Participant: 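One structure follows; several queries about it will come next.
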Amino acid sequence: VQAIKSRKKGEKAWAPREKMQELMTEACSVFRSGDGLAKALEAIGELKETYENIAIDDPGLRFNTDLLEALELGSLLHLAEAILVSAKAREESRGAHFREDFPERDDEKWLKHTLVQKTEKGPRLFYKPVRITRFEPKPRVY
Amino acid sequence: MQEMSFKILRFDPDRDEAPWYQTYRVMAEPGERILDCLNRIKWEQDGTLSYRMSCGHGVCGSDGMKINGRCALACQKLVGDYTGREVVLEPLPSFRVLKDLIVDLDPFLPRSTKSGLTWSAAGIRRKRKDGRRRNKAER
């Protein structure tokens, strides 16, 4: 927080935020592909670098929505990265995750929950088994 | 696309002795909302300008303010309704100003909101235990 507040010159948060929003809508809506996700991941990496030099106008302590928006962008970039990494790894289609390059559901490999952990080397993926209770998962066909 | 002029009442009790007006100019489409203009001013011109917003489409009521003298939501008023006029934005009357267009809503919000329930249309319509609608004092 202090770093953002004390930085005198730098880009404001709104431009990288708009880029991130466009990127995620384009590459990471319901229909996605490995290629698109890889490119978006790269672009998010660049935005994270931009974020290191983000600056704000308002140095005040009172209702500082300028600072709030800048901090939010930091969290959103981490979240975007976690979503992209998870979606890229999941090489199947399931529910609102439709991979154009893997249109079929694959219970053999992918009937499991994705978990993401933040590490120094970037997001680490791991998985946990699905506990099937009352509703057995089955393909949605019309 | 037209140029809009906004005269906004500014006040930061930490820095200003008295409230003052600042005028901003911004390009906008007639179909855009006053809130879009505020966002554009805050993001592209002056990050110190402060106002509340949340849902952005007339449900939450966060961006209540005085627009050319009338209390309204900035997300419900369109640029096209103010063509050729300067738009004056001021905080809601009769509340204490915390900063710029943000007022202290504590005296207005019901106790249930302060204890963590959201101030929402659903909350207002929630029926009493005996089935009657709650009266104003109870909200």
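Everything numeric here is computed off the predicted structure, so don't read it as measured data. Below, chains carry the letters A, B, ... as their sequence lines are ordered, and counting in each starts from 1.
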Participant: Please indicate whether B/Glu3 has more than 12 foreign heavy atoms, meaning atoms of other residues, nucleotides or ligands, lying under 6.0 Å from its CD.
Facilitator: yes

Participant: Give a yes or no on whether A/Leu84 and A/Met20 share a hydrophobic cluster (residues Ile, Leu, Val, Met, Phe, Trp, Tyr; joining criterion: side-chain heavy atoms under 4.5 Å apart).
Facilitator: yes

Participant: Tell me, side chain or backbone of B/Ile102 under 4.5 Å from chain A's heavy atoms, or both, or neither?
Facilitator: side chain

Participant: If every non-hydrogen atom of B/Ser50 is compared with every non-hydrogen atom of A/Asp58, which pair is closest and at what distance?
Facilitator: OG-OD2, 4.4 Å

Participant: For the NZ atom of B/Lys99 and the CG atom of A/Asn64, what is their distance to the nearest 0.5 Å?
Facilitator: 5.0 Å

Participant: Could you walk me through whether A/Thr65 and B/Lys42 satisfy the side-chain contact (heavy atoms from CB on, under 4.5 Å) test, starting with their C-alpha distance in whole Å, then the side-chain angles of each, then the deciding distance to 0.1 Å, before giving a yes or no?
Facilitator: CA-CA 10 Å; A/Thr65 48; B/Lys42 181 177 181 65; 2.9 Å; yes

Participant: Should we count NZ of A/Lys12 as having more than 12 external heavy atoms under 6.0 Å?
Facilitator: yes

Participant: Between B/Thr48 and A/Asp66, which heavy-atom pair has the shortest distance, and what is it?
Facilitator: N-OD2, 4.5 Å

Participant: Is it true that, when you exclude A/Lys112 itself, more than 12 heavy atoms of the residues, nucleotides or ligands shown sit nearer than 6.0 Å to its NZ?
Facilitator: yes

Participant: Please determine, by modelled atom types, if B/Trp43 and A/Glu69 share a side-chain donor-acceptor pair under 3.5 angstrom.
Facilitator: yes

Participant: Is it the case that atom NZ in A/Lys39 sees more than 12 heavy atoms from other parts of the structure closer than 6.0 Å?
Facilitator: no

Participant: Mark yes when over 12 heavy atoms from residues, nucleotides or ligands other than B/Glu17 sit less than 6.0 Å from its CD; otherwise mark no.
Facilitator: no

Participant: In Å, rounded to the nearest 0.5 Å, how long is the span from CG of B/Asp12 to CZ of A/Phe63?
Facilitator: 12.0 Å

